[in-house]
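Counting convention: from 1, in listed order, for ligands and their atoms alike. FYI, the numbering just counts along the sequence from 1. No experiment lies behind these values; they were computed from the predicted model shown.
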Amino acid sequence: ILNGVKQSIRNFPDGFMFGAATASYQIEGAWDADGKSENIWDRLTHSIPCRIKDCSNGDVAADSYNRHTRDVEMMRELGLDHYRFSLSWSRILPTSFPDVINDAGVQYYNNLINAMLKYNIEPMVTLYHWDLPQKLQEMGGWTNPHVVDWFADYARVAFELFGDRVKYWMTMNEPHEICNAGYGGMGKAPQLNFKGLADYMCAKNLLVAHAKAYHIYNDEFKPKHGGVVGMAISAGWAEPESEEHVEASNEALLFGIGQYAHPIYTKEGDFPQIMKEKVAVKSAAQGYYRSRLIEFTPEELDMVRGSADFFGLNHYTSSIVYRSNVTLANNEDSDVSSYQPSSWPTSASSWLKQVPWGFHKLLNYIRDTYDNPVVIITENGFSTLGGLEDDERISYYREYLNAMLDAIEEGCNVAGYTAWSLMDNFEWLEGYTERFGLYEVDFTSANRTRTPRKSAFVYKEIVRSRALDPLYEPNTNVMTID
Ligand SMILES: O=S(=O)(O)CCCN1CCN(CCO[C@@H]2O[C@H](CO)[C@@H](O)[C@H](O)[C@H]2O)CC1
């Protein structure tokens with residue numbers, strides 16, 4: 001009983017998978033060690049260092065390239081079922097192409113995977129988590145249609161190298177960040193900032209590249225290894241400001257999650273109809289001869305439709321949306337505006353507010369819009385400015401897991417949950433100023449000491465007991481491997 005309210009313990013479904021996630025550029029370091037070649041984040045952080053808030057970079061980061069033993073120990077301390085990490089394309093293929101395979105780089109991933117399997121921790125591998133080889137960006141990167149073959153060739157090498165032990169694959173992490181933020185804005189490398197043009201080229205090429213990799217796995221590797229392939233799509237919930245803005249909310253979701261989920265997870269495939277219509281009309285009005293949104297060919301439509309065995313979802317927060325009546329800037333194709341009320345609990349990240357009911361609504365939306373696919377939460381987590389007594393992060397995890405259990409009780413087919421992140425890491429343009437780790441990393445120490453936060457002990461107990469007990473108070477004196 002807490003404040004007079006009975007606190008009930010909630011159990012997770014049998015077989016539910018609990019994990020934690022990281023990404024190559026954010027944790028590995030060793031940016032040019034043992035034959036790895038330059039990627040677009042090396043280039044951005046080295047050429048314009050203070051584009052990053054603290055003028056830092058991932059040259060060393062958490063030094064996981066040299067510390068996979070400690071990383072696996074942390075997974076064992078938490079008792080994880082799975083660990084999601086990404087492969088560095090330019091560490092495995094230094095020329096970007098399969099003519100040269102970098103054995104030292106492959107060895108790092110083999111050592112990590114083999115150590116995980118030794119302790120029954122399921123590797124969940126993301127092929128691409130934003131660290132494109134710089135050479136490929138110089139040839140147009142994701143706006144160049146040839147990226148489909150570049151990515152497919154890289155994917156086939158990864159399936160050949162690790163497919164005998166890795167059963168859970170994701171092709172891309174957060175296509176919206178890759179394309180809309182990286183090519184349509186300044187939010188991510190390469191900061192091309194051609195909104196309404198390069199972002200749409202990226203979106204189409206990325207989806208076709210994803211599908212090609214999916215079919216390679218499905219045709220050439222699944223028969224002998226039996227794994228699954230999906231994509232980790234990021235999505236915030238869009239809550240209508242009032243009844244009159246419900247249509248604006250639907251449009252925000254279609255331009256957000258729908259841009260990447262519709263082509264893959266709906267029966268008809270393709271970009272959402274309203275997106276195609278709005279961009280075509282706006283493009284014509286601007287005097288473009290063709291729509292700025294690049295169309296799929298009929299063959300591409302068929303290739304992309306149904307190209308996933310599960311729905312990977314990265315979710316953090318929500319916003320309030322309404323139909324804006326301001327005249328839109330050029331190439332702004334969705335006339336929907338959004339904001340986050342100042343009353344919503346904050347985090348160390350300007351965009352991340354604690355809105356658990358938004359998670360519940362988003363899961364119901366995915367159930368209803370994409371015919372209740374198997375969903376794996378591939379990222380969910382909370383940022384602080386540091387410190388080990390992270391009660392806010394504990395509250396966030398409990399609230400979001402509670403909301404997820406509500407959605408599961410309403411029929412949402414959620415098979416697993418992955419906390420972002422196992423450890424503090426390079427938070428892109430925010431550098432090391434925002435911390436997402438269950439483990440704190442001391443970036444001033446030579447061996448990048450990892451220390452469990454209070455939230456690590458709480459998450460460990462959730463994984464051990466397969467239950468959510470809002471009253472559990474951990475003993476944080478010593479972390480053990482049980
Ligand atoms: O949600 S709303 O629509 O109300 C506002 C959108 C704000 N976006 C959401 C996605 N986020 C990228 C998340 O990025 C993910 O999360 C981690 C923490 O940032 C990163 O470290 C991971 O690498 C990345 O996969 C950037 C900000």
Taking only distance into account, with no hydrogens and no angle test, what donor-acceptor pairs under 3.5 Å do side-chain atoms of residues 182-196 form with protein atoms, sequence neighbours excluded?
from : atom 1 : to   : atom 2 : distance (Å)
Y183 : OH     : Q137 : OE1    : 2.5
Y183 : OH     : W142 : N      : 3.1
K188 : NZ     : E177 : OE1    : 3.1
Q191 : OE1    : R51  : NH1    : 2.6
Q191 : NE2    : M186 : O      : 2.9

What does the list of residues with a heavy atom under 4.0 Å from ligand 1 look like, ordered by chain and number? Q26, H129, W130, N173, E174, E177, G236, N314, Y316, T317, S318, S319, Q340, W351, E379, W420, E427, W428, F436
Cation-pi check, R393 onto Y459 ring (under 6.0 Å, within 45° of axis): no
How would you list all residue pairs meeting salt bridge (charged side-chain N to carboxylate O under 4.0 Å, His left out) that involve residues 352-361, not counting sequence neighbours? E239-K361
Salt-bridge contact D32-K36 (side-chain N to carboxylate O under 4.0 Å): no
If a pair satisfies salt bridge (charged side-chain N to carboxylate O under 4.0 Å, His left out) and one of its residues is in residues 333-345, list it, with sequence neighbours excluded. K278-D335, R292-D333, R323-D335
Does F151 reach the side chain of W89, with side-chain heavy atoms less than 4.5 Å apart? yes
